[in-house]
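Read through the structure below, which is laid out as C-alpha cells, and then see the notes.
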Amino acid sequence: MAYDKNNALKVGQLETFGTAVENRFAKKSDVTEIQNAGYQTAGDVETAINSKLTSTYKAGGSVAFASLPAAEAANLGKVYNVTDAFTTTENFIEGAGQKHPAGTNVAVVEVTDGEDVSYKYDVMAGFVDLSNLVEKETGKGLSANDYTDTEKTKLGGVEEGANKTVFATDEEVAELIATVFPD
C-alpha cells in the first residue's frame, strides 16, 4: 500500500478529535451537560430498568376476598383474582363501600401522600356499581304495577297478532287472479 499524505493527515485529525471528545465527556462535571443534551448515563439507564422491573404486575393467584393477603411492600405489584363478590374496605384506593362481582382482579399498589407511603389494593376492572343511583319509591319494587287501570284495560283489549302482517298463500293469489281476470 502506498503512502498517501492526505489520508495520513485525515487519520491523524480523526485520532485527535476522538481523544478530545473522550476527554471532554470523561469529566464528572460534564455529566449534567450530557444529560441536558438528551444522553443518559449508565446510572440513568440502570435506574430506569430497575424502576420498570419493580413496577411490573405479577400474578398472585385466585383467592376469596376474606383471604386476600395484606396490602404491603412484600406484595407490591401482585394481582389477585377475587373469587367471590365483595365490597371494598378502607384498604382500597377507591375507599370503602364499592361493590364488585366475583372474578374482579385487584393489585397491590404503592400510594404516596407527600412524605407518607402506604400500600393499598387497586381494583382493575371496568365494572361500575350503579345501584346507588336508582331512586326507589316507597312500597314499590321492580315489579310494581305502575300502569293506570285505564292503560291496563286498553292494553289488555288488544287482540293477539293485531299488528301482524299476514301474506296470502300461492293458492289464494291464484284464486284472486282467476276472479279478477276470468278466462
Side-chain angles (χ1 to χ4, degrees), residues 31-170:
V31 168
T32 304
E33 186 176 328
I34 293 169
Q35 289 171 328
N36 289 341
Y39 298 104
Q40 294 183 342
T41 66
D44 293 335
V45 173
E46 185 177 343
T47 300
I49 290 171
N50 288 339
S51 171
K52 294 297 181 192
L53 289 176
T54 59
S55 66
T56 303
Y57 289 125
K58 304 165 210 82
S62 294
V63 297
F65 181 74
S67 299
L68 275 173
E72 58 189 18
N75 295 324
L76 181 62
K78 287 191 178 176
V79 178
Y80 299 96
N81 177 344
V82 182
T83 58
D84 52 344
F86 66 95
T87 303
T88 58
T89 63
E90 290 302 321
N91 277 355
F92 285 78
I93 288 179
E94 62 189 349
Q98 299 297 313
K99 295 178 182 179
H100 294 280
T104 299
N105 291 320
V106 299
V108 177
V109 296
E110 185 177 283
V111 178
T112 306
D113 184 13
E115 302 263 333
D116 297 329
V117 174
S118 63
Y119 299 90
K120 292 192 174 205
Y121 284 104
D122 189 10
V123 175
M124 303 177 73
F127 176 78
V128 177
D129 180 11
L130 300 176
S131 63
N132 294 335
L133 301 178
V134 177
E135 293 183 25
K136 298 177 184 175
E137 289 184 42
T138 306
K140 293 187 179 181
L142 292 176
S143 61
N145 178 4
D146 292 333
Y147 287 114
T148 64
D149 289 338
T150 305
E151 291 171 331
K152 188 174 181 181
T153 303
K154 182 177 178 182
L155 186 59
V158 176
E159 291 182 29
E160 188 174 335
N163 291 330
K164 184 176 178 183
T165 303
V166 178
F167 295 97
T169 64
D170 290 343

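Index from 1, following the sequence.
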_Contact between T104 and F65 at the side-chain level, heavy atoms closer than 4.5 Å - yes or no?_
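Not touching, per the 4.5 Å side-chain cut-off.
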
Can you see which heavy atom on [X] is nearest to which on [Y], and at what distance?
| X | Y | answer |
| --- | --- | --- |
| T87 | K99 | OG1-CG, 3.7 Å |
| N75 | V108 | O-CB, 3.2 Å |
| T83 | S62 | CG2-CB, 3.8 Å |

*Please assess L68 against F86 for the test side-chain contact (heavy atoms from CB on, under 4.5 Å), listing each intermediate value before the final yes or no.*
CA-CA 11 Å; L68 275 173; F86 66 95; over 6 Å; no

*Does atom CD of E159 have more than 12 heavy-atom neighbours, drawn from other residues, nucleotides or ligands, at distances under 6.0 Å?*
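No.
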
*Can you check side-chain contact (heavy atoms from CB on, under 4.5 Å) on H100 and V82, steps first, answer last?*
CA-CA 9 Å; H100 294 280; V82 182; over 6 Å; no

*Write out all pairs satisfying side-chain hydrogen bond (donor to acceptor under 3.5 Å, both in side chains) with one or both partners inside residues 105-122, taking only residues at least two apart or from two chains.*
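Residue pairs passing side-chain hydrogen bond (donor to acceptor under 3.5 Å, both in side chains), neighbours aside: E110-Y119.
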
*Under 3.5 Å, is there a donor-acceptor pair between the side chain of T88 and the main chain of Q98?*
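Yes; at least one donor-acceptor contact below 3.5 Å.
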
*Between K58 and L76, is there a donor-acceptor pair closer than 3.5 Å when you use the side chain of the first and the backbone of the second?*
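Pair found, side chain donor or acceptor close to backbone of L76.
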
*Going from OG1 on T89 to CD on E94, what distance comes out if it is rounded to the nearest 0.5 angstrom?*
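Atom-to-atom, T89:OG1 and E94:CD are 9.5 Å apart.
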
